[in-house]
**Student:** 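Take this structure first; my questions come after.
Keep in mind that this is a model prediction, so the values were computed, not measured.
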Amino acid sequence: MSERTEHAGREERLYWLHHLERWARPVLTRLAEGRLRAEMPVESSGEGREAYTHLEAFGRLLDGIAPWLGAEGGSAEEQRLRTELLGLTHQALEQASDPASPDVLNFGEGHQPIVDTAFLCQAFLRAPHVLWDPLTDEQKRRWLSTWKLTRTRKPFFNNWLLFSAVIETALARFGDRDWDPMRIDYALKQLEQWYAGDGVYGDGPAYHADYYNSFVIHPMLLDVLDHAGALQPDWEEHKGPALVRAQRYAEQLERMIAPDGSFPVVGRSISYRTGAFHLLAQLAWQRRLPEGLDAAQVRGALTAVMKRCFEPAGTYDAEGWLRIGLSGHQPELGEGYISTGSLYLCATVLLPLALPENDPFWQGEAEWTSKRIWSGGHGRIDHALGH
């Protein structure tokens, strides 16, 4: 391996760490100090999003950075940053769940908390040894009770079924005897009925052209099966097909990334930016990328996407908060359910930061599919799953 390609991996890791810190500090510092509600802006075209945006920001951010918080190694500077942000996370978790805190988060009112409780639970599942294990018995009981507050409302008949399934998976994983297997079973059976073929699930009975297969469906389905699949024989049978389908959809995602890092502006919630590649980042972190998809080319593709999404002027406000848009500040791209906190789903692109510096993901340099093909290079022909 040449010195130049080794240098590329190191520089790109530093670039990713820069974004991790830039997204994490505004959220974690303020929540740890009980100042999030008072100081976080709420940009939205919808009404009443102030009730939900704070949990959105915390749950979605933590979902993306939890594996890195639970990792080890890295440069001395990276280790110092991890120690600091983990300390802030522990303080933030206490503020978020303490009824006496000025920043106690809303888990019990409205439908939106079902979504972001699930993202928070997914973070706990992804790094239990640093998020769950250090909690006191009282804190653990409080969190289990808090997650169950979402049961007073039913999820919508679409990808939301997975939010309830993830919450119940976390309850089961962390020892709550009252976890509900039906909420997991129902989600798994409905997702199977909604499978449309070639790695794609319908979002409910109908197909939608958007990125929800990556925002939510594949990542949460894999995590439910990884953590709860062994609890029932028929759930275990879903594991193999679910991974094959996820790998096929990840191949499609990688091919959607253009040579310049742009990707199709299609479907709902496009202002989640790099959240569109949640699944691709997850499989890279878990070392479960499909055969023929090189880890270094995925790193290059995701880095290019990050540059297109976060370097344009107007992406951040004067205090460092993300603003609605895909490439800069484009408030018209935010649906009524989008607010400042929603945007932090972008942090799921950071999952591979949990891989050590010597992992193949951070080694070498490789062009992603569209960059290689459109520059006249050679690549594999694409084909549908099963063909």
Side-chain angles (χ1 to χ4, degrees), residues 63-64 66-67 118-119 121-128 159 161-163 165-166 168-170 172-173 181 184-203 207 211-257 275-299 301-302 348-352 354-355 359-361 368-369 380 382-387:
D63 198 21
F119 283 124
C121 284
Q122 192 172 33
F124 273 90
L125 291 170
R126 287 173 167 175
N159 72 87
L161 296 183
L162 282 165
F163 298 136
V166 167
E168 295 303 322
T169 297
R173 167 65 177 79
I184 298 175
D185 195 66
Y186 185 45
L188 294 179
K189 284 182 167 60
Q190 284 300 149
L191 261 293
E192 190 61 33
Q193 291 184 41
W194 296 337
Y195 182 62
D198 203 24
V200 177
Y201 291 90
D203 188 8
Y207 168 74
Y211 292 98
Y212 271 81
N213 268 265
S214 186
F215 291 144
V216 173
I217 295 172
H218 281 296
M220 288 200 169
L221 181 58
L222 289 177
D223 282 348
V224 166
L225 292 172
D226 284 345
H227 292 277
L231 298 176
Q232 296 288 338
D234 57 326
W235 297 354
E236 190 79 7
E237 293 173 2
H238 286 274
K239 282 187 175 181
L243 178 58
V244 170
R245 294 166 182 176
Q247 289 174 325
R248 172 56 185 154
Y249 192 70
E251 286 183 317
Q252 296 173 37
L253 287 171
E254 191 269 348
R255 287 172 177 264
M256 290 180 192
I257 300 172
F277 300 95
H278 184 177
L279 174 65
L280 189 58
Q282 180 185 31
L283 292 185
W285 161 50
Q286 295 175 336
R287 299 189 178 101
R288 295 201 284 188
L289 289 170
E291 185 178 354
L293 198 54
D294 182 76
Q297 82 183 66
V298 172
R299 186 194 81 233
L302 294 179
T348 54
V349 76
L350 300 174
L351 292 170
L355 296 170
D359 188 88
F361 185 87
W368 52 101
T369 299
R380 296 181 301 111
D382 192 38
H383 58 83
L385 191 61
H387 293 274

**Student:** Run the numbers on His278 and Tyr211 for side-chain contact (heavy atoms from CB on, under 4.5 Å), then give the verdict.
**Tutor:** CA-CA 9 Å; His278 184 177; Tyr211 292 98; over 6 Å; no
**Student:** Do Asn213 and Gln252 pair up side chain to side chain, a donor and an acceptor below 3.5 Å, judged on atom types alone?
**Tutor:** no
**Student:** For residues Ser214 and Ala276, report the shortest heavy-atom separation together with the two atoms involved.
**Tutor:** OG-O, 2.8 Å
**Student:** Specify the closest pair of heavy atoms between Tyr195 and Val200, including all atoms of both residues, with the distance to one decimal.
**Tutor:** CD1-O, 3.4 Å
**Student:** Report the residues that fulfil side-chain contact (heavy atoms from CB on, under 4.5 Å) with Thr169, sequence neighbours left out, ordered by chain and then residue number.
**Tutor:** Leu125, Ile184, Val224, His227, Ala228
**Student:** Quick check for you: to the nearest 0.5 Å, what is the distance between Asp63 atom CG and Leu351 atom CG?
**Tutor:** 7.0 Å
**Student:** If we only count heavy atoms from C-beta on, is the Gln286 to Asp223 side-chain gap below 4.5 Å?
**Tutor:** yes
**Student:** Checking the side chain of Arg126 only, and the main-chain atoms of Pro67 only, is there a donor and an acceptor separated by less than 3.5 Å?
**Tutor:** no
**Student:** Dump the intermediate steps for side-chain contact (heavy atoms from CB on, under 4.5 Å) on Arg287 and Leu355, then the final yes or no.
**Tutor:** CA-CA 9 Å; Arg287 299 189 178 101; Leu355 296 170; 3.8 Å; yes
**Student:** State the CG-CG distance between Leu283 and Leu253, to the nearest 0.5 angstrom.
**Tutor:** 9.0 Å
**Student:** Evaluate the criterion side-chain contact (heavy atoms from CB on, under 4.5 Å) for residue pair Leu161 and Trp194; output intermediate values, then yes/no.
**Tutor:** CA-CA 12 Å; Leu161 296 183; Trp194 296 337; 3.7 Å; yes
**Student:** Please check if the side chain of Glu254 supplies one atom and the backbone of Val298 the other of a donor-acceptor pair under 3.5 Å.
**Tutor:** no
**Student:** Could you tell me whether the side chain of His218 and the main chain of Ala250 form a donor-acceptor pair under 3.5 Å?
**Tutor:** no
**Student:** Do Val216 and Phe119 make a side-chain contact, defined as non-hydrogen atoms from C-beta onward lying under 4.5 Å apart?
**Tutor:** yes
**Student:** Between Asp382 and Arg248, is the closest basic N to carboxylate O distance under 4.0 Å?
**Tutor:** yes
**Student:** Any chance you could lay out the side-chain contact (heavy atoms from CB on, under 4.5 Å) test for Leu221 and His238, step after step, and finish with the verdict?
**Tutor:** CA-CA 10 Å; Leu221 181 58; His238 286 274; over 6 Å; no
**Student:** Which value, rounded to the nearest 0.5 Å, describes the distance between Leu302 atom CG and Gln297 atom CD?
**Tutor:** 10.5 Å
**Student:** I need the Leu222 CG to Gln122 CD distance, nearest 0.5 Å.
**Tutor:** 9.5 Å
**Student:** Side chains of Leu279 and Gln282: closer than 4.5 Å at any heavy-atom pair?
**Tutor:** yes
**Student:** Should Arg173 and Asp226 count as an ion pair when the cut-off is N to O under 4.0 Å?
**Tutor:** no
**Student:** Could you tell me which non-hydrogen atom of Pro352 sits nearest to which non-hydrogen atom of Ala281, and how far apart they are?
**Tutor:** CG-O, 3.5 Å
**Student:** Look up atom OH in Tyr249 and atom CD1 in Ile217, then write down how far apart they are to the nearest 0.5 Å.
**Tutor:** 8.5 Å
**Student:** Taking Asp203 for its side chain and Asn159 for its backbone only, find out whether a donor-acceptor pair lies under 3.5 Å.
**Tutor:** yes
**Student:** Can you tell me how far CG of Leu293 sits from CD of Gln247, rounded to the nearest 0.5 angstrom?
**Tutor:** 9.5 Å
